[in-house]
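Both counts, for ligands and for their atoms, begin at 1 and track the order of listing.
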Amino acid sequence: MWGMPELVKPSSHYKQSFIQAVREAQASGSGLGDTLKWDVAEMEADFNSVLAALRRYEPGNDLPDGFVHSESLWLVEGDEYLGRASLRHTLNKHLREFGGHIGYEVRPSARRQGYGTTMLRLTLERARELGLERVLITCDAVNLGSRRVIEGNGGVLEGQFVLEFHPKPLRRYWITL
Ligand SMILES: CC(C)(COP(=O)(O)OP(=O)(O)OC[C@H]1O[C@@H](n2cnc3c(N)ncnc32)[C@H](O)[C@@H]1OP(=O)(O)O)[C@@H](O)C(=O)NCCC(=O)NCCS
């Protein structure tokens, strides 16, 4: 029986569905950078390490230089993993320019069904709970799906920028919570 999509902390309950989603992303070459680099065989063998890596930057842990606290959130429905978001609790100089507070991906087989928009809406609720007042979200100007997801959640365009270290023009949006 399927429920409503909800945001959860990464958990071994979704192991098979999550790994299948990583396979999908790698087969299509479309997803967040780390998703495309994960070694699926290693994930199968040691999923606890995957979960630990996803929790690595949560508050309470020491941070390497240049990192901020952040948390990973998974969008799930019933037993199915649908996508993930990363919520940075603060910005640093780099994230203010590129990356912002929130990054996300929807597994390829679940795209264009409204899940990206729902996942960002739920992640914004979580950000509000954490006390954030305004969040920055960045996306490539050519990423029409991501633009629609942000705009559908009330994103206000700061502008479109060309960065020395990034090959594509980047859009920065702000959402007031
Ligand atoms: C971007 C992404 C998260 C969108 O997720 P999604 O679940 O397909 O989004 P939704 O179904 O909520 O779609 C939102 C809107 O965008 C539109 N849309 C989605 N993908 C699109 C695409 N590739 N081209 C044009 N429009 C698109 C939808 O039609 C919908 O339009 P509407 O608001 O008029 O109804 C997903 O494509 C993805 O994971 N891409 C790879 C990773 C990525 O780019 N992450 C964002 C980095 S900034």
Starting from [atom], locate the nearest protein heavy atom and write down its residue, its atom name and how far away it is, to 0.1 Å.
atom: atom 41 (C) of ligand 1; value: R111 NH2, 3.5 Å
atom: atom 7 (O) of ligand 1; value: G116 N, 2.8 Å
atom: atom 39 (O) of ligand 1; value: V106 N, 2.8 Å
atom: atom 1 (C) of ligand 1; value: S146 N, 3.5 Å
atom: atom 23 (N) of ligand 1; value: R112 NH1, 3.9 Å
atom: atom 31 (O) of ligand 1; value: R148 NE, 3.7 Å
atom: atom 20 (N) of ligand 1; value: G145 CA, 3.5 Å
atom: atom 11 (O) of ligand 1; value: G114 N, 2.7 Å

Measure across [X] and [Y] and return the closest heavy-atom pair with its distance rounded to 0.1 Å.
X: G100; Y: T138; value: N-CG2, 4.1 Å
X: I137; Y: I150; value: CG2-CD1, 3.6 Å
X: L51; Y: S11; value: CD2-N, 3.7 Å
X: L122; Y: E6; value: CD1-CA, 4.2 Å
X: E44; Y: R23; value: OE2-NH2, 3.2 Å
X: L63; Y: Y57; value: CD2-CD2, 3.9 Å

Short side-chain to backbone donor-acceptor contact, R88 and G99, under 3.5 Å: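 Looks like yes, one N/O pair under 3.5 Å.
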Side chain, backbone, both or neither: the part of I137 lying under 4.0 Å from ligand 1 by heavy atom: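 The answer is neither; I137 stays 4.0 Å or more away.
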Mode of Q113 contact toward ligand 1 - side chain, backbone, both, neither (heavy atoms, under 4.0 Å):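 Within the 4.0 Å criterion, Q113 contacts ligand 1 through backbone atoms alone.
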Geometry only, no angles: is [X] polar-contacting ligand 1 at N/O separations under 3.5 Å?
X: N143; result: yes
X: V149; result: no
X: Y104; result: yes
X: E105; result: no
X: A110; result: no

Candidate pair R56 and S70, rule side chain to side chain donor-acceptor pair (under 3.5 Å), full reasoning: CA-CA 8 Å; R56 169 71 185 83; S70 69; over 6 Å; no
Run the numbers for me: atoms of ligand 1, each under 4.0 Å from some heavy atom of [X], listed by number.
X: T138; result: 48 (S)
X: T117; result: 10 (P), 12 (O), 14 (C)
X: C139; result: 48 (S)

Spacing of CE belonging to M43 relative to CD1 belonging to I19, to within rounding of 0.5 Å: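 Those atoms lie 5.5 Å apart.
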D62 atom CG, neighbour heavy-atom count above 12 within 6.0 Å: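 No.
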Ring-face cation of R134 near W174 (centre distance under 6.0 Å, axis angle within 45°):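 So R134 does make the cation-pi contact.
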Geometric cation-pi criterion R107 and Y81, 6.0 Å radius, 45° cone: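 No, a cation-pi geometry is absent between R107 and Y81.
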Atom 35 (O) of ligand 1 protein-contacted (non-hydrogen atom, under 4.0 angstrom):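 Neighbour list for atom 35 (O) of ligand 1 is empty of protein heavy atoms (cut-off 4.0 Å).
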